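Inspection log for the structure reproduced underneath, given as structure tokens.
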Amino acid sequence: MRDKVATRQGTKHSKDAHQPSSPLKAASSNLKGNYDVFLSFRGTDVRNNFLSHLYAALDQKEIYTYVDSKELPKGEQITPAIIKAIEDSHIAIIIFSEDYASSPWCLEEVEKIMECKEQRGLIVFPVFYKVEPKEVRTPRGSYREAMVKHESKLGRDSEKVKRWEKALYDAGSLSGWDLNDKDEADSIKSIVQEISMHLDRMPLFVAKHPIGICLRVAILESMLNLESRDDVLMIGLWGQGGIGKTTLAKALYNDIFRQFEASCFLANVRETSKDSKDLAHLQEELLSEIFLGKGLTVFSVDGGINLIQDRLCRKKVLLVLDDINDVKQLNVLAGERGWFGKGSRIVITTRDNHLLTCHGIDKDHIYEVKTLEDWEALQLFDKHAFLRSKEIVIRRDLVDSALHYAKGLPLALEVLGCFLCGRKEQEWESALNKLAKRPDKTINNVLKLSYDGLEDYAKEVFLDIACFFKGQSVEYIMNVLNSCDFDTTIGVQVLVEKSLITKDWKTIHMHDLIQLMGMDIVKQECRDDPGRRSRLWLWEDIRYVLSEDIGTNNVKAIVLILPKAEATYIGPNAFTNMRRLRLLIMINVHNSFQGPVYLPNELRWFEWPERPSWVIEFPFGPEKLVGLDMRKSNIQVMVDQFKDFKNLKFLNFSECPLVVCMPNLDLTPNLEELDLHGCKNWSLRLLNLKGCSRLNHLLDVLQSKNLQVLILTGCSKLQRFPDIPDKIKGLEELYLRGTSIKELPASIENLVSLEKLNLIDCKKLANLPSSIYKLSNLEILLLDGCSKLIKFPKKEEDSSDLHSKTGFPKLVILQLEGCNLLEGEFLKNHSCFPRLRDLSLSIHNFAELPTCGHLHKLHDLRVSECRQLQEIGKIPGQLQRLSAMNCESLSKIPSNMWAVNHIDKLLLNKQIHPEVQCNILLPGGEMPQWLLPNKEGYISFTTSKDLYKKFLALAICVVYRVKEGRQNVQYCLRQYVNGKFKCRTRYNLPLVHLDHVWLNYLGRENVGAEDDFGPNDWSSFQLGISVLGGAMVKKCGVRLICKSLEDDLEALYQEEKLLDPGLIYEIWHDDKETITREESYPRPVYKLSLPLSPFPFRDCGVCSWRYSKDDISPEEVRVWNGIFDIEDDELPLWVDEGCIDLMPSFPRNDIMADFSVERFRYPIIPAFYRDILPGGDMPEEFILVEGSTISFMVSRDFYDKFLGLALCVVFNVDNGEKEIFFDIMPHVNGQRRNGLSGSLGSFDSDHMWIQYLKPNVLWGVLGGVVDFLEFDKDCLQFSLTLSVLGGTMKKFGYVLRCKQMDDDLKVVLIDNQLVDPASIYEMKFEEFLYKFLPRQMEEWKRLRVELERQMEIITASDSSGNETN
């Protein structure tokens, strides 16, 4: 058995027990059973020595300690009271002594203690009294003996014994105190000091009545994801002042702080930092609270940041930053998650949501603290108002008024409840009446902190909403306040972020107490004289100011909305002195004065409905008026009445009986909204019901003789268009877009004057009557997006009506895009569509388009996205544009295709978007004439961001054919922006052996992006074109296609001379239409399927790819392997041009200092093709050249064997270190080809430069093979001239590398003296490299190994069925 000192409730103290020295230490019901320390020990070992001394020391420090002295029978389990004491303690100290493990009681205690450590965050310290820690952990010695005895009693495999052993191991592994051979007094002093330090981290006082806290804390703990120990998480508590953010944060802190190594609740950061020069004192307070007992001094903010990072980066901490109002506070107290150790949690309370967003806290980790529910508010109010006055009875309506005033705001409920506590009903009534006029000072000061932190513009927006517009629609408020030149959009957003207003879909809301705070701010401007306030909204104040003409320059806005009509006298000069008046809104106010009333010129919004016939005048004209609302007034509108209203945007004369005509809108150029509905005497010409989503049927509006335009766009519930029994001659335009009409009546033919019919996006429209052909004046019929319209009607012949022989006699535009038509039979009738110019049949399901040859006026035919379309019939010869994008089944086109005017404009149609790439291949050898010839294959231009936005695309054209026997041809485009490498794109070109025109259309986004422009909004673009492999390039052309330029932009690019005006090709482009298409349909993949001889286009597929193994197909690997083995082990095409992305360690030339074409070409050549060595002796293998020009003759046969040449240049440098530049200029038969230039680096002595070059790089057009047919000769002179700048070229030599040649060819070369035989080396690439560039061999071997490895990976992927596209 064991003895323990008892301080448990209901237990008498033994003689050894120390009587508590203060009431706080006594275990009583009011303390709810909480203890500072629980002591677990074996009484026989320590009762009369160590335990009594330790307890005395704890008692002296007023540490409330649980010690049990009751004796229990052997083997009895620990009592529920002890279990509860462990659970209710903050700290447990386990005193491991020699005989501790022999007691099942002690073992049950240690098991329970370790369980509470894991589940409840109990802090546990072991004390090893005359035992070694390893004896407890292993166990050994007396602990081993004790556990053997327990096993013999309970069984060898007893689960209980296993739990005890685990608990001993876990507890014995904790950091504590080992008292062996140590001074006991010093050890006890150390223990008490450590315990005191931990107890200083006590829970915080939350609230006297914590109503509604528990559920919200549970939600916050879920957001904190406390189970995750590997991350650092920040969350924000956001809400208006007084809503309980701090209270909630304290409750959360208390619930979880013991789960962390250290914690800190930094309260009132806003207030604490308000009067300080910097935030170093807050950093010091944070560190002092986390490192209790350690005096850490912070001398500067920057030093504090480093100190916080260094000390906390490995510590799991809980940090609460309360009432943050400036992002600087966050930056210096918790700038990054990396400042804190794994598992740390940072909680931030603020009134400003935007601060949390700026600090990288996403919306899922921001908790909006909202007002209390009604029942919670009643409960909290009841706790404060009736706590000590149960005998006082207060009427329910007074309680409800108080609750309504507080609107669930905890601060208001507490303050108001305490103020009313113990008062009688009359006092309640008086207090509530007073509060309705003037807010409580305590509440108001808390709420006003948010207002004080606003910028001036936001304060103006806030006060207007508080005084006038609470509960009004967002749209209305935006219109009114924007008229005052306020930045209303950002202003409203800031008010939402600072919890001063809330905004739902249509309305702006504000808490009543915040509204009262705002109104009180205005009243404080002048308590006694409303005429000196900035805003007036109360009837008494406004009537007094206007009737007495005592308004001043201070008045900015008057808004009065009365529930019923009231009359008053407002004289002619009532507003004269209000020179700054910007808003005047008077609802239900009647003026008894009938003369003119003068309004100030600063007025922006004037709204006075139901105004009688008195006159309003502006002394100098209403130049700044934006909104004018005179609905239901006796105002007469003249045509030219609004000639001075230049800024007018909103005009409302609805239900004005004297309005009989439309005002001249040319005089109001900024007008956005005009409302004239209900003007019964108006001669109605236009009826606009756009967006009337609830309109489900039409009245007899069609019978109006004057009605010319009827707009029903967006009337989504309108399902039926009315019958038209009689002919109507007035209506010319009918807009039914987006309605739910299912069919048109057969009587539609009675709209005899109809010129335009818009049925776009009528998704339920399934049938059109054949009588629609009788609309003899119809010019435009729009049916795009009518997805249920699978058949267009055919014209029915009517022998009784000779006048209707021609169907749609005036129709010019017919748009049927996206109607899913199954056939186009309606086009076969030669008696219809005689004037049709524009026919859109895109996105349909028909397989054949009938001949359109009889449509002699047709200029524009669009059949794009008709994926089933296989054949296009004969087309009219005058057709200007045919669009057949993505018609993937198209195999037959009309025989008169070449009669299409400007076939080169096939790409330039409105369906092309700036981000699209498009490719087209056509037989023939001539480029479109609108392209600018560019044989160099290089474009460089500088443009402004504004001009760039006008770009639609870059068109690149190459006329080429492929040399017989070649297996791989690639078109390559390299792109640089501001001299920096951006990307490289390649296409596998079809292997065509006759001349073909390859047209590549690059959308603007594929050339550059708006992000490429720097702070000065100018950027330079460089693009290089090459055609590799066996292509013989005949021509190349480019053109920048852009929208029509404004005069200023055109002058800009011409004056700056940074962009060749000839490069620009302007076309008409409708931005609005493009956007509509993008929103309506998924963006298509553009490919124009036109037939090619001798095989269809789809067999000449184009493959575009960039350089990673995922982009390489197995077929390409086989081609490359063929090149690798057959072509003398040379680099595949995709590497030979410097594409080395798969070899990250290899140096890249990503930056171009000079934008010339010669300097552009040189970085393309692989860097290991050259070497520079010190010294001035040229190897004897090189053929020495006199002068600076190499020249030799090349026959067709020799050219097929010619693989490359190596140049050797010895140069010297005089007078110190200099940078060496070079220029290489090649020629074919005197015709200039691909020049190269660049820098070799800086040198101060003789050096030798060896450079390997491939023939096509020098002499082929765009890097392709040389076309002997171009010169009509069997032998061509190849030459190159080299110049060196910065130094002196002392020696110049070369050698040629060839495939193995037969003897006949060698004889021909010698006999005809075409080339010096001594210059020829018949070597494979590796052998040649070893001989002339030996220092580059290691790089070549590494590159080859990497290439082979990548190919093996891709081949293996192919064999497993995982092909990449």
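Bear in mind that the values here come from a model prediction, so they are computed numbers and not experimental data.
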Residues 1212-1228 vs side-chain hydrogen bond (donor to acceptor under 3.5 Å, both in side chains), sequence neighbours excluded, gives E1219-S1239

Are I939 and N934 side-chain neighbours, meaning at least one heavy-atom pair lies under 4.5 Å? yes

Subject >> Derivation and outcome, salt bridge (Lys or Arg N to Asp or Glu O under 4.0 Å), residues K963 and D1200 >> reply: CA-CA 11 Å; K963 190 173 182 179; D1200 291 337; 2.4 Å; yes

Q) Crowded around K1306 NZ? As in, over 12 foreign heavy atoms under 6.0 Å? A) yes

I1041 and A955 have their tightest heavy-atom pair at CD1-CB, 3.8 Å

Test item: F941 and L1023 side chains (from C-beta on) under 4.5 Å apart, heavy atoms:
yes

From the list F1222, F1221, Y1169, ring-ring contact (aromatic ring centres under 6.0 Å, His included) with W1249 holds only for F1222

Value for NZ (K1034) from CE (M927), rounded to nearest 0.5 Å, stands at 11.0 Å

Do V1261 and K935 come within less than 4.5 Å of each other through their side chains, counting heavy atoms only?
yes

CZ (F1013) and CG (D946) are apart, to the nearest 0.5 Å, by 9.0 Å

Separation between CG (N1312) and SG (C1275), nearest 0.5 Å, reads 7.0 Å

Only one of L1309, L1305, D1311 passes side chain to side chain contact (heavy atoms under 4.5 Å, CB included) with V1307, and that residue is D1311

Would you call L1280 and Y1294 a side-chain contact if the rule is heavy atoms closer than 4.5 Å?
-> no

Checklist entry - Can you check whether I1025 reaches V1038 side chain to side chain, under 4.5 Å on heavy atoms? => result yes

Scanning both residues in full, the closest heavy-atom pair of L1333 with R1170 reads CD2-C, 3.9 Å

- Side-chain heavy atoms of M1248 within contact of C1208, under 4.5 Å: yes

* Is a side-chain donor-acceptor pair under 3.5 Å present for Q1251 with Y1162? -> yes

Tightest non-hydrogen contact, residues L1262 and N1234, listed as N-OD1, 4.4 Å

Should D1246 and K1291 count as an ion pair when the cut-off is N to O under 4.0 Å? no

Taking every heavy atom of S1319 against every heavy atom of V1315, the minimum-distance pair comes out as OG-CG2, 3.8 Å

In short, C1298 meets I1320 closest at the heavy-atom pair SG-CG2, 3.9 Å

Is it true that S1188 and T1281 share a donor-acceptor pair across their side chains at a distance under 3.5 Å? no

Result for side chain to side chain contact (heavy atoms under 4.5 Å, CB included) between F1292 and one of V1284, V1210, V1209 points to V1209

Quick check on the 6.0 Å ring-centre criterion: do F1268 and Y1199 meet it? yes

What side-chain donor-acceptor pairs closer than 3.5 Å can you find for residues 1171-1183, not counting sequence neighbours?
residue	atom	partner	partner atom	Å
D1171	OD1	R1335	NE	3.3
D1171	OD1	R1335	NH2	2.7
D1171	OD2	R1335	NE	2.8
E1181	OE2	K1331	NZ	3.4

Rounding to 0.5 Å, atoms OG (S1279) and CD1 (I1190) come to a distance of 9.5 Å

Per ring-ring contact (aromatic ring centres under 6.0 Å, His included), F1328 is matched among F1332, F1325, Y1330 by F1332

Here the pair of heavy atoms bringing F1168 nearest to L1329 is O-CD1, 4.2 Å

Rounding to 0.5 Å, atoms CG (N1256) and CG (L1253) come to a distance of 11.5 Å

* To do: Quick one: sort the F1202 and F1192 rings into parallel, tilted or perpendicular, breaks at 30° and 60°.
  => perpendicular

Check: Just by modelled atom types, is the L1269 backbone N or O under 3.5 Å from a matching donor or acceptor in the D1267 side chain?
Finding: yes

Taking side chain as C-beta onward, heavy atoms only, is L1314 less than 4.5 Å from F1198? no

*What class does the angle between the rings of F951 and Y948 fall in, given that below 30° is parallel, 30 to 60° is tilted and above 60° is perpendicular?*
perpendicular

Distance col, row L1063:CG vs L1040:CG, nearest 0.5 angstrom, shows 4.0 Å

### Message
Checking the side chain of D1316 only, and the main-chain atoms of A1318 only, is there a donor and an acceptor separated by less than 3.5 Å?
### Response
yes

Requested in this report: List the steps, then state whether side chain to side chain contact (heavy atoms under 4.5 Å, CB included) holds for L1276 with W1259.
Outcome: CA-CA 11 Å; L1276 300 176; W1259 294 292; over 6 Å; no

>> Is the shortest side-chain heavy-atom distance between L952 and C1042 below 4.5 Å?
In response: no

Taking R1039 for the side chain and I1064 for the main chain, is one N or O donor matched with an acceptor at less than 3.5 Å? yes

